[in-house]
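Only this structure's heavy atoms are used, side chains among them; waters, hydrogens and symmetry mates stay out.
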Amino acid sequence: MIQTENFIIAVRCVTPMFLTLCVGLLLRRAHIVPDEAFHHLSTISFRSLLPCVLFYNVYSADLSAAIQPKLLLFLLLWVLVWFLVNYAAYTVSVPDPRRRGAYIQSAFRSNIAVIGVSLAQSMLSQEGLAALAFAISVVVPLYNVLAVITLETCRGGAMDPGKTLRGIVRNPLIIGCFLGVVFLFSGLRLPSPVEQTVRNLGSAGSVTTLLALGASFELSGVAQNRKAIIHCTLHRLLTAPLLGLAAAILLGFRGDALGIVLVCLAAPTASTAYPMALACDSDHQLTAQLVVITSLLCTFTLFCWIFFLKQFGLL
């Protein structure tokens, strides 16, 4: 019975995203609008709408139940260590810098804001959800900083530290998180109509990103990128959560805390990786394929992780 319930939870969390991706693909196939319109839609999402999602997630967090220093420290150290390991490994093994950026982003950057939060609402207690919201406010900015560093250094040519720093400071996603932290700790509140507007724009950002992502999916490129897709998908959905969860269990994390680790490490490749790859001249086609395919397969892998942890009384 537990297995069935967990499977249904995972399916319900992921299915709306899959359907939205399919709508984007169908819209493109129907030629209702020019293909360039989806690129513009992705740009609007990245520069305007997605920052609202991240701002509101941080702005609306409950500080009284959210701050768990040990958990936050673990997540930050894991993301940094995992990023450095993969950056070093792929710098050696993937010579094409544009393609390397897609490999590295897929390895360390998970879809906490969409898949993680949806799954957590069915898995965690109210206190756990508050802790996850604050964890997102810490981990997502780090994801974005590391993604900007990755994509700026993988454009090709010599690294320009000044340009990389400007890319980090000007990144809309990082700005959205930073403003959310400022409002959260200062206690400032937006007027109710403005707050509702930000929330609505954030909701639109999630949808438009997925529509543009679904429209970007090219079946013709899957065969060409087959080896890369298989490698990156297994790395994202199996290797990363296996090593991360093992470390968390050894350190004594259980219950909601381990659930937060699970949704942070076992989620598919972040959907925001695609608009960032497109904006930074990375291999956005491979990135889009990895986001869509890992999102498709994570229904099964998340079920397996939840089932395993519940069977051993860890979750």
Side-chain angles (χ1 to χ4, degrees), residues 10 13-25 27-28 38-57 79 101-121 132 136 139-144 146-148 150-151 171-174 176-177 201-218 229 232-233 235-237 240 263-280 282-299 301-302:
C13 290
V14 178
T15 299
M17 187 185 71
F18 292 150
L19 294 177
T20 308
L21 290 169
C22 291
V23 169
L25 179 60
L27 287 173
R28 181 173 178 272
F38 291 104
H39 291 292
H40 296 316
L41 184 63
S42 176
T43 301
I44 292 171
S45 298
F46 174 66
R47 297 191 180 280
S48 302
L49 303 180
L50 286 177
C52 291
V53 176
L54 299 177
F55 170 83
Y56 190 81
N57 283 342
V79 171
Y103 273 73
I104 297 171
Q105 273 212 100
S106 176
F108 81 88
R109 196 175 182 195
S110 62
N111 198 350
I112 310 175
V114 179
I115 298 297
V117 170
S118 298
L119 185 64
Q121 288 172 345
L132 176 63
I136 288 174
V139 173
V140 168
L142 179 59
Y143 275 168
N144 292 327
L146 296 178
V148 172
T150 297
L151 296 174
N171 184 279
L173 304 183
I174 294 175
C177 288
L201 289 173
S203 299
S206 299
V207 174
T208 54
T209 298
L210 293 173
L211 285 174
L213 179 61
S216 72
F217 187 60
E218 290 284 356
I229 290 171
C232 291
T233 298
H235 200 55
R236 171 69 263 147
L237 298 180
V263 299
C264 289
L265 303 187
T269 303
S271 55
T272 50
Y274 168 70
M276 284 192 71
L278 184 63
C280 296
S282 182
D283 191 339
H284 59 272
Q285 184 182 69
L286 175 58
T287 301
Q289 291 166 348
L290 290 173
V291 173
V292 173
I293 291 172
T294 57
S295 299
L296 174 66
L297 295 179
C298 80
T299 306
T301 56
L302 281 170

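- To the nearest 0.5 Å, atom CG of residue L201 and atom CG of residue L50 are 11.0 Å apart.
- Between H235 and S106, the closest side-chain pair of non-hydrogen atoms is not below 4.5 Å.
- Here Y103 contributes atom OH and C232 contributes atom SG; the two are 5.0 Å apart, rounded to the nearest 0.5 Å.
- The two atoms that bring T294 and L290 nearest to each other are OG1-O, 2.6 Å, heavy atoms only.
- The minimum heavy-atom distance between T287 and A277, with the atom names listed, is OG1-CB, 3.8 Å.
- Atom CZ of residue F38 and atom CG of residue L211 lie 7.5 Å apart, to the nearest 0.5 angstrom.
- For the atom pair OG1 of T20 and CG of L25, the computed distance is 12.5 Å after rounding to the nearest 0.5 Å.
- Atom CD1 in I44 sits 8.0 Å away from atom OG1 in T208 (nearest 0.5 Å).
- Proximity of P51 to P172: side-chain heavy atoms (C-beta onward) are separated by under 4.5 Å at one or more points.
- L286 approaches A102 most closely through the heavy-atom pair CD2-CB, 3.8 Å.
- Annotation: side chain of L151 is in contact with side chain of M276 (closest heavy-atom distance under 4.5 Å).
- Among all heavy-atom pairs drawn from Q105 and A273, the shortest one is NE2-O, 3.3 Å.
- A distance of 6.5 Å separates CG in L237 from SG in C298, rounded to the nearest 0.5 Å.
- Between Y143 and F108, the shortest heavy-atom contact is CE2-O, 3.2 Å.
- At a threshold of 4.5 Å between non-hydrogen side-chain atoms, the residues T272 and R109 count as touching.
- Checking side-chain atoms of R236 against main-chain N and O of P268 turns up no donor-acceptor pair under 3.5 Å.
- By the 4.5 Å heavy-atom criterion applied to side chains, Y274 and T269 are not counted as neighbours.
- Here the side chain of S282 pairs no donor or acceptor atom with the backbone of G101 at under 3.5 angstrom.
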